[in-house]
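Note sheet for the following structure.
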Amino acid sequence: MQELNTRKFVGIDISEEAVQLSIYDEATEEMVEEFFPLQEKERDDYISSGIEYIHKYFECNELSWEDYSSVHFSMKDISAGSRETLKNVLPEEFVERFGVNIIGRFRAFVEYVFHQERVVWDRNTMLLEYQDNILRYILVESIYRSKQKAYRAVTQEVNLSEHGIVEGSDTLDQDFCKMIKQFLLKNPTHIIFLTGNGFEGNWMKRTLNCLCSGRRVFLGQNIYANGASLLGIRQTSLLEDGMILMQGPEMVQHAIGIVAAENGRQQYIPITAIGKEWFNTKGSIDIILDKSHKVDFFYRNHRDNEMEIASCEVKDLPKRPPKTTRMHVEVTFTSRLEGIIFLTDMGFGTMYPKTEKVTVFPFKLIS
């Protein structure tokens, strides 16, 4: 019997502290995890150092990139400079095969949660990352919007020094325990994931008892790479219960679309969707102009459940009868709240040739 083709997905998380590698095998549903701390001298050029560790791991284990279906990167710093640096250090043949797929750590954790069994994501779930006396948390919680269930993911940082907590101090355990009790009263959760080198060592006794009181707690260092790896299966943006609102850094909260006649009825047709970072958000659609050369765009803010309308007038087109002008509409974001819509005249076959004239329509969204 011929062996069935199975897919394997790679997730790589890169930061100044370490590089994480996760490989998910869809056939066995198993995840292979590796964690490589970076030395002090490697941190000035940590992106190149991290990629070098990955290449060495593949060479030492005689692994071939040809055996993998996708590679996704998560990064602590997802600024334009860091994204460009990563692209430049990757081999050309690697980029041609996989592209450069980058997400933030916030989204990596949310994707990880929603790729688990329902018992994980259908109840409040939290990630606590403790590092450099900063506690960063990501909370995934169920909410109701207009009587429909939905899910919201939010993130925030807490400076522990403001709570009298000093990493490495003799009273760290009791101070941290006191703070976390109050924190969890305000942010109730059923499942907690712990990561970051602040949780390393044997200092947690009272703190661990507090965290585990009525909750399931998991400790691991490859959470972000795991989420990036699982993204190769599918992107999580909508469940049967409702939408997922990812209210994190760089995440787009607005969907952009048009209203058009479909099956004899006016319907809202999205061009872009929420659930990605702005630099990963784009979309396109072809429309037919009627008598008017005005195109109305609808900006739907899913966080606040509000809608804006902006009109774009397409000028200097050749005279044509109604419904004989096809426009290619392409939306691209330049930041979380700004972007550009390009409308290209594609004509209508040989009878009404295209001019390929481009109308540029910038947009700015209300947060």
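Only this structure's heavy atoms are used, side chains among them; waters, hydrogens and symmetry mates stay out. In this chain, residues are counted from 1 in sequence order.
Ion pairing between a basic and an acidic side chain is recognised when a charged N comes within 4.0 Å of a carboxylate O; Arg206 and Asp173 show no such pairing. Between Arg105 and Glu129, at least one side-chain nitrogen of the basic residue sits less than 4.0 Å from a carboxylate oxygen of the acidic one, meeting the salt-bridge criterion. Electrostatic pairing of Glu26 and Arg7 counts as a salt bridge here, judged by a charged N lying under 4.0 Å from a carboxylate O. Using a cutoff of 4.0 Å between basic side-chain nitrogens and carboxylate oxygens, Arg300 and Glu306 are not scored as salt-bridged. Between Glu141 and Arg152 a salt bridge is recorded (basic side-chain N to carboxylate O distance below 4.0 Å). Taking the charged nitrogens against the carboxylate oxygens, Asp67 and Lys8 have no contact shorter than 4.0 Å, which rules out a salt bridge. Electrostatic pairing of Glu356 and Lys354 counts as a salt bridge here, judged by a charged N lying under 4.0 Å from a carboxylate O.
Contact check for Ser142 versus Arg123: no side-chain heavy atoms found under the 4.5 Å cut-off. A 4.5 Å side-chain heavy-atom check between Ser70 and His72 finds at least one atom pair inside the cut-off. The closest side-chain heavy-atom distance from Met75 to Ile102 is below 4.5 Å. Contact of the Leu184 side chain with the Met179 side chain is not registered, since no non-hydrogen atoms from C-beta on lie closer than 4.5 Å. With a 4.5 Å cut-off on side-chain heavy atoms, Ile340 and Val360 count as touching.
Aromatic ring centres of Phe361 and Phe342 lie farther apart than the 6.0 Å criterion allows. Checked against a 6.0 Å centroid threshold, the rings of Phe183 and Tyr137 count as neighbours. A centroid separation of less than 6.0 Å is found between the aromatic rings of Tyr299 and Phe363. In summary, the aromatic rings of Phe73 and Tyr224 are positioned with their centroids too far apart to meet the 6.0 Å limit. Here Phe176 and Tyr130 bring their ring centres to under 6.0 angstrom of each other.
Rounded to the nearest 0.5 Å, atoms CG (Leu337) and CD1 (Ile366) are 10.0 Å apart. Taking CD of Glu277 as the reference point, atom CZ of Arg336 lies at 12.5 Å (rounded to 0.5 Å). Remark: Leu289 CG to Lys294 NZ distance equals 12.5 Å, nearest 0.5 Å. In this structure, Lys87 NZ and Ile47 CD1 are separated by 14.0 Å, a value rounded to the nearest 0.5 Å. Atom-to-atom distance recorded for Cys210:SG and Gln174:CD is 13.5 Å, nearest 0.5 angstrom. Between Ile23 atom CD1 and Glu33 atom CD the span is 10.5 Å, to the nearest 0.5 Å.
When the options Arg326, Lys357, Arg320 are evaluated for a salt bridge (Lys or Arg N to Asp or Glu O under 4.0 Å) with Asp345, the one that passes is Arg320.
Shortest non-hydrogen contact noted between Ser82 and Tyr46 is OG-OH, 4.0 Å. Between Ala225 and Ser22 the shortest heavy-atom distance is CB-OG, 3.4 Å.
Side-chain polar atoms of Asn124 and His190 form no donor-acceptor pair below 3.5 angstrom. Judged purely by distance below 3.5 Å, without hydrogens or angles, the side chains of Asp175 and Thr171 pair a donor atom with an acceptor atom. Ser292 and Asp290 form no side-chain donor-acceptor contact under 3.5 Å, judged by distance and modelled atom types alone. Asn197 and Glu200 share no donor-acceptor pair across their side chains, judged by distance under 3.5 Å alone.
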Quiz prompt | Intermediate values then yes/no, side-chain hydrogen bond (donor to acceptor under 3.5 Å, both in side chains), Ser161 and Asn133 | solution = CA-CA 7 Å; Ser161 61; Asn133 220 42; 4.7 Å; no
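Classification of the Phe36-Tyr53 ring pair by plane angle, with boundaries at 30° and 60°, yields parallel. Between Phe94 and Phe98, the ring planes are tilted. Angles from 30° to 60° get that label.
No path of Ile, Leu, Val, Met, Phe, Trp and Tyr side chains, each step under 4.5 Å between heavy atoms, connects Ile12 with Tyr24, placing them in separate hydrophobic clusters. By the rule that hydrophobic residues join a cluster once side-chain heavy atoms approach within less than 4.5 Å of another member, Ile269 and Phe298 end up as members of separate clusters.
Hydrophobic clustering, defined by side-chain heavy atoms of Ile, Leu, Val, Met, Phe, Trp and Tyr closer than 4.5 Å, groups Met351 together with Ile288, Phe348, Tyr352.
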